[in-house]
Amino acid sequence: GFVTTKVPFALTLRFKDMLQRGVQLTTLDASWVSSASWYFINVFGLRSIYSLFLGPDNEADQSMMMATQMTPPGAPPDMKKAYKEEWEALEVRNHRWALENIIDQILYKTNIRP
């Protein structure tokens with residue numbers, strides 16, 4: 001694994017094994033977090049916030065998605081079906097900058113002409 005981020009507060013060495021999973025550096029401070037640990041903190045830690053804002057049955061809840069994709073034991077997963085479902089769920093969006101013409105708008109509103 002690799003180190004991703006540092007928490008903005010001091011932690012004791014008891015948190016080191018939990019937050020630095022896959023990183024084998026004995027001299028690294030306990031407040032640094034590995035990428036795998038950061039992923040699990042975000043996925044499981046933000047579940048209640050997703051439920052609060054998006055409702056109980058939302059698309060951001062990965063546990064529901066993982067439960068529906070479970071295949072019976074011993075059966076190989078159908079990769080063509082999985083790729084097709086992901087391809088159909090993919091949505092391409094055009095990005096529009098909110099502040100694209102901000103300088104021109106400010107100059108127009110202040111009656112300053114370039």
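Worth saying up front: this structure is predicted, and the values here are computed from it rather than measured.
Under the 4.5 Å side-chain contact rule for hydrophobic residues, Ile41 and Phe9 share a cluster. A continuous path of Ile, Leu, Val, Met, Phe, Trp and Tyr side chains, each step under 4.5 Å between heavy atoms, connects Leu25 with Trp32, placing both in one hydrophobic cluster.
The shortest distance between side-chain heavy atoms of Leu28 and Lys16 falls below 4.5 Å. The side-chain heavy atoms of Val33 and Thr4, taken from C-beta on, include no pair separated by under 4.5 Å.
With Gln105 as the fixed residue, the side-chain contact (heavy atoms from CB on, under 4.5 Å) test singles out one of Ile103, Leu107, Asn101: Asn101.
Nearest heavy atom pair, residue Gln20 against residue Ala30, reads NE2-CA, 3.8 Å.
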